[in-house]
Amino acid sequence: MIRFPILLDIYQRGDGPLKRVERISLPETGDYSIGRLSENQIVLDTPEVSKRHATLIVREDGIAVSDRGSTNRTYIGDTEVDISPWDGALPIRIAQFEIHLVAHTAASASETKVNVPQDNATRALASGTPAPAPAPRGQSIEVALNAPSAPDEMRFPRNVFKSEIVSASDIKSSEYFAGESTYLTVGAGLGSFVWADHLRIFGVSKNDIRAIGDDVTPYANYQRLCRNSQIPPHERLRSNSQSTPDNIWGFPGYASRETWKDLKEFRFGGLTHIFQVFGEASLAQTFTPRSGEVFKSIDSEAQRIGWREMFVAGRVLGIRKTNDERYAVAYRVPEDQARGGVRERIMIGKFLHISTGYPATRFTDDLQAFKARFPEEARVFNAYENHEVVYRSIEQNSMPATIVVRGRGIVASRIIQRLYEARSKNKNITIVHQMRNPIAKNEGYRYKRAQRYVYNHIENQAFNWPKGTWGGQLLRETDRASPEERLKIYEALGGTTTADRRDWRNIIQLGLGDGWYKPVFGHFETLELVKTDQGPKIQMRLKAQPNQPPVEVVADYVVDCTGLIGDISHSPLLRDLVETYKLPRTLGVGGGKVGGIFVTSDFEIAALRNGSGRTYAAGQITLGGPQPGVDTFLGMQYSALRSVDHLAILGAPNVSLFGPLRSFSQWIKWCTNTKP
Amino acid sequence: MVPTLKGRWLTRILLFLWIGVPITFLFSLYVAGPGSPALPYIGWHYDLLPFQILSLILLVGLVMDPVYFYAQQFRWERDWPFAYFFFFSIIEFVIVLALVWWGVLDFTRSRSELHTSENYLLFTVHFGCVFILSFVAVLGLIQIFMIRWRFKSGEWGRM
């Protein structure tokens, strides 16, 4: 139950830390619109906020936030939301603003009086909130209580998607209808790209394929994650030479291409890449490609297959079966593509493919709580979000700085490497590497007769799964296993690992010797903000083994490298799909949790079959399925091949069986950069 | 490579048919050609000796495959690096030479005719040609034609 009035703090991020600009009070239930125009109840007047940006839906039993198709979108914490309940644990983020829930159960009269805008460019007109009413200047926040906007059922796409099966003719005669396509992929990221690439090479025309997504660059999201987790274009990814999202055959791999490029410029050092592939793991370090080279290769393939013509800019909001054995996909196009103010569209497709990727970045609970308590202090970051401020601030002078790196995965290794590089500018940087527990040499994961290698309490593995899961014995075992057996295999093969890179080992060796790298084990019992002479710091008390005394750490920053959220219920689109069609889920690793959407060995979502219409899925959303490495380049190539092969057997239009001769002739076309 | 036992066998047979047989055919013409120890005159004659060697290589390989597969079970990645493939191919050929020396092919012709240094040189050159092309095929040529091969642990056919 919500107790009124609800108090909200609005913070604004300028160049520095967050600043509270306003406290507002919502006296009763209603729909409070947020946007740039003054007709909104909560006005956030900066260009980054859309005219009608979002709605805060306040009911007796809870609060929800709904994005109204804004350009820069609405977030809860780091999770982008279309519509989502809001419990206030994480702030709502709109452009440079954050809305924090102060209290709705313990609201006292005195709190409602706290209304001291920190700059006089703000103005509040909310009832119950005294308005300081200085002259508005530049940015303003305005709160007024106007008539509530339309209820949820009236809002797109719920106003059209009233039942599980919708009428295709109704959609075609509606203002939303945006066309039909035989093949339709949702997400338009790397998963969609690889699928469309297979279809094109198997014989489908670009006019029969559409890909709906946020960005015309298929790797845009992946590149952002790479950049934030400190993998610039010249750094190497954790991916194999033959995992080539731009080339469905995996040959030539990135190693031979890099060698060839070097040889053309008379750099014979390039031959080491070939040797790396030859002696991989045993005689030489595993070859991995540079991120920049991979992106360039994808650009070139996108050009070849006509990706730009297949791409449709839009945010997919809902999917429904139609009554003519197809699927209706509702989406919202960017503001500049609005048709008479209408941005909502529905496209109908016969063969659907869903690959929407990771829904969110993850914070461990204690760090999340710290962030919520001290929103002004930019001290705690997820490695996948932009945290350049950490490196900037510790590199600019030689003040002692302590950084806690949490997690033992590949991202942690890369962040440690970045901090090591920062040490060339500031010798007083100390790295505290926090891991849950120590792992002895002989305690690596075991599966049947083999055991994983451990170095410095971290399990080592070339890629995020053992290689045999991408096409060998281990793939066969997971593919054929029952859901329960599958879970057991996943648990035995999974876990966090890093790559066995010589430079990383040297950094650890050096740091251990000189004392600027310290591994610590356990979880933090307390996280506090303390004021010191050198500014605010985070004080942490670390609980290690039960028989050991707690460890105190005082740090300037915490970089959380524990990863991304794979839980699909964070995605409103998938949650709606799962609930509407009762889609079965896979068993999630880690005790009773649910995993991704259950798919067949052909990566079909069988529960979405609609007569002769078919829906396939790829990427992270299928985690826990027939193949472990679904969120990898090679995993996407595998799932695309499986589903397109399946379409070929079904007799889907223009999808060939792709025998050796067609394969070879298409490969020649790839080599000569000719359209498929 | 991440082969299964069946995948190893099928890939071996594939390489035998695609690369081994055509190259061996050329060698058998050479062996039977002018100056050859078997039939020293010009004409479309051929000698089965290179085919007998090739079959022996295939047989030794098929027998060795379960050993490799067993060894693979102790590798966490369940993979078989290209370097291993390279090294053990040579070992297999050494086994073939030892078998010939020991006399497994003695039923085909007299020892004096078979066990000449020219013949052993010929076996080595023949093996070298078949092996280098097979290695290149495994590195990438096969998957250009058979796109599913790399996901099927070395087996042929559809998914």
Side-chain angles (χ1 to χ4, degrees), chain A residues 198 201 242 248-253 256 274-275 277-284 444-453 460-463 465-477 493 601-602 627 634 637-638 641-642 645-646 648-649 657-661 663-664 666-668, chain B residues 1-11 14-15 17-19 65-90 131-132 134-159:
Chain A
H198 276 76
I201 294 169
Q242 297 201 336
I248 68 169
W249 301 268
F251 184 84
S256 23
I274 295 282
F275 182 73
V277 171
F278 172 77
E280 191 161 289
S282 298
L283 303 177
Y445 272 42
R446 275 178 179 285
Y447 181 67
K448 297 191 177 164
R449 292 202 178 92
Q451 187 176 22
R452 198 153 59 194
Y453 171 76
N460 276 220
Q461 190 170 276
F463 308 108
W465 293 93
K467 270 195 235 158
T469 60
W470 278 280
Q473 184 190 347
L474 300 174
L475 172 62
R476 189 145 308 188
E477 283 172 22
L493 295 178
S601 295
D602 297 307
Q627 184 220 16
L634 194 55
Q637 292 193 279
Y638 175 73
L641 183 57
R642 288 298 303 235
D645 256 352
H646 194 230
I649 288 164
L657 288 169
F658 212 67
L661 289 180
S663 178
F664 180 67
Q666 284 295 327
W667 183 75
I668 296 289
Chain B
M1 287 175 78
V2 284
T4 54
L5 182 56
K6 190 177 164 201
R8 281 178 175 279
W9 279 338
L10 287 178
T11 299
L14 182 82
L15 294 174
L17 295 174
W18 267 28
I19 291 164
D65 277 337
V67 180
Y68 303 146
F69 185 69
Y70 181 73
Q72 226 175 306
Q73 301 311 303
F74 295 91
R75 293 180 60 79
W76 172 258
E77 308 269 352
R78 307 297 197 282
D79 65 336
W80 199 249
F82 290 119
Y84 288 24
F85 177 81
F86 191 92
F87 175 74
F88 284 105
S89 296
I90 292 167
F131 166 64
I132 286 170
S134 302
F135 193 65
V136 169
V138 168
L139 279 177
L141 269 182
I142 295 180
Q143 67 215 52
I144 295 172
F145 292 91
M146 299 167 63
I147 191 172
R148 300 158 191 96
W149 173 80
R150 62 176 177 153
F151 296 117
K152 281 179 62 82
S153 40
E155 293 173 25
W156 322 340
R158 305 196 68 83
M159 291 283 195

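A, B, ... follow the sequence lines: proteins, then strands. Residue 1 opens every chain.
Between E77(B) and A462(A), the closest heavy-atom pair is OE2-N, 3.6 Å. G472(A) and S153(B) make their closest contact through CA-CB, 3.7 Å (heavy atoms, listed as atom of the first residue, atom of the second, distance).
Partners of I201(A) under the side-chain contact (heavy atoms from CB on, under 4.5 Å) rule, at least two apart in sequence or in another chain, are D197(A), I248(A), W249(A), E301(A), R304(A), F658(A), Q666(A), P676(A).
Each of G7(B), A83(B), P3(B) has some count of heavy-atom pairs under 4.5 Å with chain A, and the biggest count is that of A83(B). Highest contact tally toward chain A, considering only K152(B), R148(B), M146(B), is held by R148(B) [criterion: heavy-atom pairs under 4.5 Å]. No other option in G444(A), P252(A), G468(A), S256(A) has as many heavy-atom pairs under 4.5 Å with chain B as G468(A). Among the candidates W76(B), Y84(B), F69(B), the residue making the largest number of heavy-atom pairs closer than 4.5 Å to chain A is W76(B).
Residues Y447(A) and R78(B) form a side-chain contact, since some pair of their non-hydrogen atoms from C-beta on lies under 4.5 Å apart. The shortest side-chain heavy-atom distance between M159(B) and H646(A) does not fall under the 4.5 Å cut-off.
Contact of Q451(A) with chain B is made through the backbone alone, with heavy-atom distances under 4.5 Å. For Y70(B), the part lying near chain A is the side chain, with the backbone staying farther off; criterion is any non-hydrogen pair under 4.5 Å. When heavy atoms are compared at a cutoff of 4.5 Å, F85(B) does not approach chain A at all. If you measure heavy-atom distances from L493(A) to chain B, the contacts under 4.5 Å come from both the backbone and the side chain. For I668(A), no part lies near chain B; criterion is any non-hydrogen pair under 4.5 Å. Residue W667(A) touches chain B through its side chain alone, counting heavy-atom pairs closer than 4.5 Å. Heavy atoms of Q627(A) lying under 4.5 Å from chain B are absent altogether. Within the 4.5 angstrom heavy-atom criterion, atoms from both the backbone and the side chain of Y445(A) approach chain B.
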Item to complete: Evaluate salt bridge (charged side-chain N to carboxylate O under 4.0 Å, His left out) for R476(A) paired with E155(B), printing each intermediate quantity in order.
Response: CA-CA 12 Å; R476(A) 189 145 308 188; E155(B) 293 173 25; 2.6 Å; yes
Item to complete: Apply side chain to side chain contact (heavy atoms under 4.5 Å, CB included) to the pair L657(A) and R158(B), showing each step before the final yes or no.
Response: CA-CA 9 Å; L657(A) 288 169; R158(B) 305 196 68 83; 3.8 Å; yes
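The distance from the CZ atom of F151(B) to the CD atom of Q637(A) is 5.5 Å, given to the nearest 0.5 Å. Here the CZ-NZ distance, from R75(B) to K467(A), works out to 7.0 Å after rounding to the nearest 0.5 Å. Distance check, rounded to the nearest 0.5 Å: CZ of F74(B) to CZ of R449(A) gives 5.0 Å. Here the OG1 atom belonging to T4(B) is positioned 11.0 Å from the CG atom belonging to L474(A), to the nearest 0.5 angstrom.
Separation of the F82(B) and F278(A) ring centroids does not fall under the 6.0 Å cut-off.
Residue-level contacts of residues 137-144 of chain B with chain A, in order of numbering, are L139(B), G140(B), Q143(B), I144(B); threshold 4.5 Å between heavy atoms.
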